[in-house]
**Student:** 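First, the structure itself, so that you have it in front of you.
All values derive from a computational prediction rather than experimental measurement.
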Amino acid sequence: MKIGNLFKGDKVIWMVLLFLCLISIVEVFSASSTLTYKSQNYLGPIIGHSWKMLLGVGMAIVILNIPCRYFKLMTPGLLLISAIMLIWVLAFGEKTNDAGRWISLLGLKFQPSEIAKGTLVLVTAQILSAMQRENGADKRAFKYILIVVIPFCLLIGVENLSTAALIFAVIFLMMFVGRVPMSQLGKLAAVGAVVVVLFIGSIYMLGSLDQEESSETQTEAIVNGEVKKDTKKSTSLLHRFGTWKNRIDKKLNSKYVAPADYDLDKDAQVAHANIAIVGSNIIGKGPGKSVERDFLPQAFSDFIYVIIIEELGIIGAAFVAFLYIVLLYRAARIASRCENNFPAFLVMGLALMLVLQASFNMMVAVGIAPVTGQPLPLISRGGTSTIINCAYIGAMLSVSRSAKKRGEKMVLKEI
């Protein structure tokens, strides 16, 4: 079998995935120095991550060989599975970073929200495509989409507010692309703004600033090269309010603090991220030469973009951002060539999901947005999230390969 027969579909998307995987392996290897030191297993963390990347690429190859028209058949099953897992994680999920977001099943540990994200994109693409009219989407499409999306976002938002907000933003953009009436989108935006204001107000009323950032105070142990974190469950549904209040308050009330007075223990993430960025210069310190990786919490996950900036400089950081832009551009090109609406909306929704998450992670890293738990897609060290993101890339490749293109019938007749 020729290698070209494996890597079918859009070649540019394959190149983007290849570069992201290579950058991930190099930077995760560097950023995992703390894990390797504590576990005394120098190659363990990076070997595990590399295997997951390979599994992810294998998953992409499998999915790209599924004609995109069959994705519709998966929708009911994925919706049911996602709903069951989201309810399960609220009741019995393992706690990481003060949030019960994980399920352990048959030795695998994963976040149900990762599967739910793609499922909601799939459902939205199907509704929009089924209800397209000559002058845009039927007004009922807006109602049907919200009936499905809102309950799922509420289930996810209890423990992972940033992921729920990300999903809702992606669905909103998909409705805009799907020509949902602007009057409906405008009303949704207005209601959303009111909800955000009321929610922030409730956070300030019910949250406690005395609660420290969970990611900075969590207890960890290293077992066989893996991070094992405190899995004690909270008894209150409002246990995340203190964390959210801390993050918002730090962002809105940031004041200049003299270097001598800065508390590196209390604001470790922001402080060491800023130190890494300032010391990067244009070309960086070079791969593997990061200093702040030994001090920065979640250097190999949520803050890996900071390590990229420190080691590869502004040039390397810009190149990573450019890769995500290319991914979105190629998705738009593929969508514009699709004769049918479903594959076009699906490929755009998946691309928007990956690129928006990457953008938010990068904004957090450079201090533009408040700290959240969003990893950098296809680069941050992860388990099932890496494999699932590769699966989404596989779905995009399937659309590029199997979706009927505009003018295809005409070309066949001429031949």
**Student:** Mind running side-chain contact (heavy atoms from CB on, under 4.5 Å) on Ile393 and Ile63 for me, showing each step along the way?
**Tutor:** CA-CA 9 Å; Ile393 293 291; Ile63 291 180; over 6 Å; no
**Student:** Checking the side chain of Gln184 only, and the main-chain atoms of Val180 only, is there a donor and an acceptor separated by less than 3.5 Å?
**Tutor:**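 Such a contact is absent between Gln184 side chain and Val180 backbone.
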**Student:** Any donor-acceptor pair under 3.5 Å linking the side chain of Ser398 with the backbone of Ile66?
**Tutor:**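 Such a contact is found between Ser398 side chain and Ile66 backbone.
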**Student:** Can you see which heavy atom on Ala276 is nearest to which on Val306, and at what distance?
**Tutor:** CB-CG1, 3.4 Å
**Student:** Test salt bridge (charged side-chain N to carboxylate O under 4.0 Å, His left out) on Lys289 and Glu311 and set out the steps.
**Tutor:** CA-CA 6 Å; Lys289 295 182 179 180; Glu311 294 190 349; over 6 Å; no
**Student:** How far apart are the C-alpha atoms of Ser385 and Glu114, what are their side-chain angles, what is the distance that settles it, and do they pass the side chain to side chain donor-acceptor pair (under 3.5 Å) test?
**Tutor:** CA-CA 6 Å; Ser385 62; Glu114 292 295 326; 5.4 Å; no
**Student:** Using only atom types and a distance under 3.5 Å, with no angle test, would you say the side chain of Tyr305 pairs donor to acceptor with the backbone of Ala317?
**Tutor:**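 Between the backbone of Ala317 and the side chain of Tyr305 there is a qualifying donor-acceptor contact (under 3.5 Å).
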**Student:** For Ile387, is there any backbone N or O sitting under 3.5 Å from a side-chain donor or acceptor partner on Tyr392?
**Tutor:**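 Not confirmed, Tyr392 side chain does not pair with Ile387 backbone.
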**Student:** Strictly distance-based, threshold 3.5 Å: is any side-chain N or O of Ser24 a donor or acceptor partner for the main-chain N or O of Leu20?
**Tutor:**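 Side chain of Ser24 to backbone of Leu20: no pair is present.
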**Student:** May I ask you to decide if Asp302's main-chain N or O and Asn361's side chain share a donor-acceptor pair within less than 3.5 Å?
**Tutor:**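 Yes, the answer is positive, given that a donor and an acceptor are paired below the 3.5 Å cut-off.
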**Student:** A quick test of your reading: do over 12 heavy atoms of other residues, nucleotides or ligands sit less than 6.0 Å from CE of Met362?
**Tutor:**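 Yes.
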**Student:** Around Leu22, counting heavy atoms of other residues, nucleotides and ligands shown, do more than 12 lie under 6.0 Å from its CG?
**Tutor:**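 For Leu22, atom CG is crowded (more than 12 foreign heavy atoms under 6.0 Å).
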**Student:** For Ala403, does its backbone N or O pair with a side-chain atom of Arg337 as donor and acceptor, under 3.5 Å?
**Tutor:** no
**Student:** Keeping Ser129 on the side-chain end and Asn341 on the backbone end, is there a donor-acceptor pair under 3.5 Å?
**Tutor:**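 It does not hold such a pair.
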**Student:** Would you say Phe152 and Ser82 make side-chain contact, with heavy atoms under 4.5 Å?
**Tutor:**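 Contact flag for Phe152/Ser82 side chains = yes.
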**Student:** Do any N or O atoms from the side chain of Gln374 and from the backbone of Gln357 form a donor-acceptor pair under 3.5 angstrom?
**Tutor:** no
**Student:** Search all heavy atoms of Cys21 against all heavy atoms of Val57 and return the closest pair with its distance.
**Tutor:**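 Scanning both residues, the minimum pair turns out to be SG-CG2, 4.3 Å.
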**Student:** Within the distance-only criterion (no hydrogens, no angle test), does the side chain of Asp10 pair as donor or acceptor with the backbone N or O of Val12 below 3.5 angstrom?
**Tutor:** yes
**Student:** Would you find more than 12 non-hydrogen atoms of other residues, nucleotides or ligands less than 6.0 Å from Ile282 atom CD1?
**Tutor:**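 Counting other residues, nucleotides and ligands, CD1 of Ile282 stays at 12 neighbours or fewer.
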**Student:** So, applying ring-ring contact (aromatic ring centres under 6.0 Å, His included) with Phe19, which one of Phe319, Phe322, Trp14 is it?
**Tutor:**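 Looking at Phe319, Phe322, Trp14, the match for Phe19 under the ring-ring contact (aromatic ring centres under 6.0 Å, His included) is Phe319.
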